[in-house]
Amino acid sequence: MIPTPDLSHLTAKDYDLVYEPAEDTFLLLDALEADLESLRAAKPRICLEIGSGSGCVSAFLSKILGPSAAVYICTDINPHASRATRRTGRQNQVELDVVNGAFALPLRQRLRSKADVIVFNPPYVPTPYEEAQMAQNEKDIGGAWAGGKDGMAVTNKFLDQVGEILSHTGRFYLVALKQNNVPEIRERMFREHSLQSQADRAGKTCRKRILVHY
(Lines give C-alpha, C1' and ligand atoms only; values in the text may rest on other atoms or scores of the structure.)
Protein backbone atom coordinates (compact mmCIF):
# COMPACT_ATOMS: atom_id res chain seq x y z
CA MET A 1 0.00 0.00 0.00
CA ILE A 2 1.30 3.41 -0.96
CA PRO A 3 1.35 5.87 1.97
CA THR A 4 -1.15 8.71 2.11
CA PRO A 5 0.48 12.12 1.56
CA ASP A 6 1.76 13.93 4.63
CA LEU A 7 -0.90 16.38 5.79
CA SER A 8 0.61 17.13 9.20
CA HIS A 9 1.05 20.78 8.24
CA LEU A 10 -2.74 21.27 8.14
CA THR A 11 -4.46 22.07 11.42
CA ALA A 12 -7.98 22.02 12.82
CA LYS A 13 -8.22 25.70 11.91
CA ASP A 14 -7.38 24.85 8.30
CA TYR A 15 -10.14 22.25 8.27
CA ASP A 16 -12.63 24.86 9.41
CA LEU A 17 -12.06 26.40 5.99
CA VAL A 18 -11.01 23.48 3.78
CA TYR A 19 -12.54 20.04 3.23
CA GLU A 20 -10.72 17.49 5.37
CA PRO A 21 -9.80 14.23 3.59
CA ALA A 22 -12.47 11.64 4.32
CA GLU A 23 -13.81 8.34 2.97
CA ASP A 24 -14.45 9.73 -0.49
CA THR A 25 -10.89 11.05 -0.68
CA PHE A 26 -9.49 7.64 0.17
CA LEU A 27 -11.82 6.03 -2.36
CA LEU A 28 -10.05 8.07 -5.03
CA LEU A 29 -6.62 7.19 -3.68
CA ASP A 30 -7.51 3.48 -3.73
CA ALA A 31 -8.75 3.73 -7.32
CA LEU A 32 -5.63 5.53 -8.50
CA GLU A 33 -3.42 3.01 -6.76
CA ALA A 34 -5.39 0.12 -8.29
CA ASP A 35 -4.89 1.65 -11.74
CA LEU A 36 -1.24 2.48 -11.12
CA GLU A 37 0.23 0.08 -13.67
CA SER A 38 -2.06 1.20 -16.50
CA LEU A 39 -1.71 4.86 -15.54
CA ARG A 40 2.06 4.63 -15.73
CA ALA A 41 1.84 2.81 -19.05
CA ALA A 42 -0.35 5.60 -20.44
CA LYS A 43 2.35 8.16 -19.58
CA PRO A 44 -0.01 11.06 -18.82
CA ARG A 45 1.43 14.51 -19.41
CA ILE A 46 -1.30 16.64 -17.80
CA CYS A 47 -3.22 15.66 -14.67
CA LEU A 48 -6.06 17.90 -13.51
CA GLU A 49 -7.90 17.86 -10.20
CA ILE A 50 -11.10 19.87 -9.92
CA GLY A 51 -11.81 21.03 -6.37
CA SER A 52 -8.47 20.03 -4.88
CA GLY A 53 -9.31 20.96 -1.28
CA SER A 54 -6.35 19.92 0.86
CA GLY A 55 -4.32 18.80 -2.15
CA CYS A 56 -4.18 15.22 -0.85
CA VAL A 57 -5.30 13.52 -4.07
CA SER A 58 -3.00 15.43 -6.43
CA ALA A 59 -0.04 15.00 -4.09
CA PHE A 60 -0.75 11.26 -4.07
CA LEU A 61 -1.05 11.13 -7.85
CA SER A 62 2.21 13.01 -8.24
CA LYS A 63 3.93 10.63 -5.85
CA ILE A 64 2.80 7.47 -7.64
CA LEU A 65 3.43 8.71 -11.17
CA GLY A 66 6.52 10.72 -10.37
CA PRO A 67 6.74 14.48 -9.87
CA SER A 68 8.55 14.99 -13.18
CA ALA A 69 6.31 12.66 -15.17
CA ALA A 70 3.48 15.16 -15.69
CA VAL A 71 2.13 18.58 -14.89
CA TYR A 72 -0.28 18.45 -11.94
CA ILE A 73 -2.90 21.20 -12.09
CA CYS A 74 -5.23 21.78 -9.15
CA THR A 75 -8.21 24.12 -9.25
CA ASP A 76 -10.54 25.22 -6.46
CA ILE A 77 -12.91 28.17 -6.01
CA ASN A 78 -12.02 28.34 -2.32
CA PRO A 79 -8.89 30.49 -1.85
CA HIS A 80 -8.14 28.74 1.46
CA ALA A 81 -8.18 25.41 -0.36
CA SER A 82 -5.83 26.76 -3.01
CA ARG A 83 -3.37 27.80 -0.32
CA ALA A 84 -3.73 24.44 1.45
CA THR A 85 -3.06 22.57 -1.79
CA ARG A 86 0.06 24.61 -2.45
CA ARG A 87 1.31 23.89 1.09
CA THR A 88 0.59 20.18 0.70
CA GLY A 89 2.70 20.11 -2.44
CA ARG A 90 5.61 21.70 -0.60
CA GLN A 91 5.15 19.39 2.41
CA ASN A 92 5.37 16.35 0.15
CA GLN A 93 8.07 17.74 -2.11
CA VAL A 94 5.93 17.66 -5.25
CA GLU A 95 5.10 20.55 -7.53
CA LEU A 96 1.39 21.27 -7.80
CA ASP A 97 0.27 24.06 -10.12
CA VAL A 98 -2.58 25.69 -8.22
CA VAL A 99 -5.30 27.80 -9.83
CA ASN A 100 -7.92 29.58 -7.72
CA GLY A 101 -10.96 29.37 -9.95
CA ALA A 102 -14.07 27.40 -10.90
CA PHE A 103 -13.61 24.04 -12.61
CA ALA A 104 -11.05 24.41 -15.41
CA LEU A 105 -12.53 27.65 -16.70
CA PRO A 106 -9.35 29.75 -16.38
CA LEU A 107 -7.49 27.15 -18.46
CA ARG A 108 -10.28 25.83 -20.66
CA GLN A 109 -8.84 26.87 -24.00
CA ARG A 110 -5.29 25.85 -23.19
CA LEU A 111 -6.40 22.44 -21.92
CA ARG A 112 -8.65 21.58 -24.85
CA SER A 113 -8.26 17.81 -25.45
CA LYS A 114 -5.05 17.78 -23.39
CA ALA A 115 -5.93 16.56 -19.87
CA ASP A 116 -4.85 12.92 -19.62
CA VAL A 117 -6.18 12.37 -16.10
CA ILE A 118 -9.04 14.31 -14.53
CA VAL A 119 -10.09 13.75 -10.93
CA PHE A 120 -13.22 15.28 -9.42
CA ASN A 121 -14.66 14.69 -5.94
CA PRO A 122 -17.59 17.10 -6.31
CA PRO A 123 -20.05 18.52 -3.81
CA TYR A 124 -22.54 15.67 -4.22
CA VAL A 125 -24.78 15.94 -1.15
CA PRO A 126 -28.39 16.78 -2.11
CA THR A 127 -29.33 20.20 -0.68
CA PRO A 128 -31.73 23.00 -1.59
CA TYR A 129 -30.57 24.73 -4.76
CA GLU A 130 -30.22 28.05 -2.93
CA GLU A 131 -27.82 26.50 -0.42
CA ALA A 132 -25.59 25.12 -3.14
CA GLN A 133 -25.65 28.39 -5.05
CA MET A 134 -24.76 30.39 -1.94
CA ALA A 135 -21.88 28.03 -1.14
CA GLN A 136 -20.47 28.43 -4.64
CA ASN A 137 -20.89 32.19 -4.58
CA GLU A 138 -19.23 32.53 -1.17
CA LYS A 139 -16.39 30.21 -2.24
CA ASP A 140 -16.09 28.66 1.19
CA ILE A 141 -16.05 25.15 2.67
CA GLY A 142 -19.77 24.71 2.02
CA GLY A 143 -18.90 24.51 -1.66
CA ALA A 144 -17.12 21.21 -0.95
CA TRP A 145 -20.33 19.33 -0.11
CA ALA A 146 -23.53 21.27 -0.95
CA GLY A 147 -24.67 19.77 -4.25
CA GLY A 148 -28.13 21.25 -4.82
CA LYS A 149 -30.98 19.24 -6.36
CA ASP A 150 -30.08 15.52 -6.43
CA GLY A 151 -26.56 16.60 -5.46
CA MET A 152 -25.86 17.32 -9.13
CA ALA A 153 -26.00 21.12 -9.48
CA VAL A 154 -22.22 21.52 -9.55
CA THR A 155 -21.35 18.17 -11.10
CA ASN A 156 -23.62 18.81 -14.09
CA LYS A 157 -21.80 22.03 -14.88
CA PHE A 158 -18.48 20.24 -15.12
CA LEU A 159 -19.90 17.28 -17.03
CA ASP A 160 -20.77 19.79 -19.75
CA GLN A 161 -17.08 20.69 -19.99
CA VAL A 162 -15.19 17.46 -19.46
CA GLY A 163 -15.47 16.26 -23.05
CA GLU A 164 -13.68 19.40 -24.24
CA ILE A 165 -10.62 19.06 -22.03
CA LEU A 166 -10.15 15.31 -21.67
CA SER A 167 -7.57 13.95 -24.10
CA HIS A 168 -8.56 11.23 -26.56
CA THR A 169 -6.96 8.57 -24.38
CA GLY A 170 -7.65 10.33 -21.07
CA ARG A 171 -9.23 9.03 -17.88
CA PHE A 172 -11.84 10.73 -15.74
CA TYR A 173 -12.44 9.76 -12.10
CA LEU A 174 -15.67 11.01 -10.50
CA VAL A 175 -17.07 10.36 -7.01
CA ALA A 176 -20.86 10.14 -6.73
CA LEU A 177 -23.67 9.02 -4.45
CA LYS A 178 -26.47 6.64 -5.39
CA GLN A 179 -28.84 9.63 -5.05
CA ASN A 180 -26.93 11.36 -7.87
CA ASN A 181 -28.37 8.78 -10.31
CA VAL A 182 -25.15 7.12 -11.39
CA PRO A 183 -26.73 5.22 -14.33
CA GLU A 184 -27.92 8.53 -15.75
CA ILE A 185 -24.45 10.08 -15.32
CA ARG A 186 -22.88 7.17 -17.19
CA GLU A 187 -25.48 7.19 -19.96
CA ARG A 188 -25.16 10.94 -20.40
CA MET A 189 -21.37 10.83 -20.65
CA PHE A 190 -21.57 8.12 -23.29
CA ARG A 191 -24.32 9.92 -25.21
CA GLU A 192 -22.71 13.36 -25.15
CA HIS A 193 -18.99 12.57 -25.10
CA SER A 194 -18.72 8.90 -26.21
CA LEU A 195 -17.08 8.09 -22.87
CA GLN A 196 -17.45 4.53 -21.67
CA SER A 197 -17.36 4.04 -17.92
CA GLN A 198 -17.15 1.64 -15.05
CA ALA A 199 -18.87 2.17 -11.70
CA ASP A 200 -17.15 0.71 -8.64
CA ARG A 201 -19.02 0.54 -5.37
CA ALA A 202 -16.93 1.43 -2.37
CA GLY A 203 -15.99 -1.04 0.32
CA LYS A 204 -17.08 -1.07 3.92
CA THR A 205 -15.26 2.15 4.78
CA CYS A 206 -17.19 4.13 2.19
CA ARG A 207 -20.48 2.26 1.66
CA LYS A 208 -22.53 5.09 0.18
CA ARG A 209 -20.06 6.38 -2.41
CA ILE A 210 -19.59 5.16 -5.94
CA LEU A 211 -16.57 5.87 -8.11
CA VAL A 212 -17.31 6.32 -11.79
CA HIS A 213 -14.26 6.25 -14.02
CA TYR A 214 -13.95 6.70 -17.77
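Just so it is clear, the values below take in all heavy atoms, side chains as well, and ignore hydrogens, waters and symmetry mates. Residue numbers start at 1 and run along the sequence shown.
Across every non-hydrogen atom of Ala146 and Ala135, the tightest pair is CB-CB, 4.3 Å. What you find for Phe120 and Val154 is that their closest heavy atoms are CZ-CG1, 4.3 Å. A pairwise comparison of heavy atoms in Asn180 and Tyr124 identifies ND2-O, 3.1 Å as the closest pair. Considering every non-hydrogen atom in both Pro44 and Val117, the closest pair reads CB-CG2, 3.9 Å. When all heavy atoms are compared, the tightest approach of His9 to Ala84 is NE2-O, 4.3 Å. When all heavy atoms of Gln198 and Arg186 are compared, the pair lying nearest together is CA-NH2, 3.9 Å.
Side-chain contact between Asp16 and Ile141 is absent, with no heavy-atom pair separated by less than 4.5 Å. Looking at heavy atoms from C-beta onward, Arg171 lies in side-chain contact with Asp35 at the 4.5 angstrom threshold.
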Let me check something: any side-chain donor-acceptor pairs from residues 50-72 under 3.5 Å, sequence neighbours excluded? List them with distances.
{"residue": "Ser52", "atom": "OG", "partner": "Thr85", "partner atom": "OG1", "Å": "2.9"}
{"residue": "Ser54", "atom": "OG", "partner": "Cys56", "partner atom": "N", "Å": "3.2"}
{"residue": "Ser58", "atom": "OG", "partner": "Glu49", "partner atom": "OE1", "Å": "2.6"}
{"residue": "Lys63", "atom": "NZ", "partner": "Asn92", "partner atom": "O", "Å": "3.1"}
{"residue": "Tyr72", "atom": "OH", "partner": "Gly66", "partner atom": "O", "Å": "2.8"}

Do any side-chain atoms of residues 157-164 form donor-acceptor pairs under 3.5 angstrom with protein atoms, and if so which ones, sequence neighbours left out?
{"residue": "Asp160", "atom": "OD1", "partner": "Arg188", "partner atom": "NH2", "Å": "2.3"}
{"residue": "Gln161", "atom": "NE2", "partner": "Lys157", "partner atom": "O", "Å": "3.3"}
{"residue": "Glu164", "atom": "OE1", "partner": "Arg108", "partner atom": "NE", "Å": "3.0"}
{"residue": "Glu164", "atom": "OE1", "partner": "Arg108", "partner atom": "NH2", "Å": "3.3"}
{"residue": "Glu164", "atom": "OE2", "partner": "Arg108", "partner atom": "NH2", "Å": "2.9"}

Pairs under 3.5 angstrom only: tabulate donor-acceptor contacts from the side chains of residues 93-101 to other protein residues two or more places apart or in another chain.
{"residue": "Asn100", "atom": "ND2", "partner": "Asp76", "partner atom": "O", "Å": "2.8"}
{"residue": "Asn100", "atom": "ND2", "partner": "Ile77", "partner atom": "O", "Å": "3.2"}

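The backbone N or O of Pro126 sits nowhere less than 3.5 Å from a side-chain atom of Gln179 that would complete a donor-acceptor pair. Proximity of a side-chain donor or acceptor of Asn78 to a complementary backbone N or O of Val18 within less than 3.5 Å is not detected. Without hydrogens or angle criteria, Thr127 side chain to Gly148 main chain gives a donor-acceptor distance under 3.5 Å.
Under the salt bridge (Lys or Arg N to Asp or Glu O under 4.0 Å) criterion, no residue pair touches residues 115-131, with sequence neighbours excluded. Listed by first and then second residue, the salt bridge (Lys or Arg N to Asp or Glu O under 4.0 Å) pairs that reach into residues 82-91 are Asp14-Arg87, sequence neighbours excluded.
For the atom pair Asp30 CG and Ile2 CD1, the distance stands at 10.5 Å (nearest 0.5 Å).
Every residue two or more places apart in sequence or in another chain that forms a side-chain contact (heavy atoms from CB on, under 4.5 Å) with Asn181 is listed here: Pro183, Glu184.
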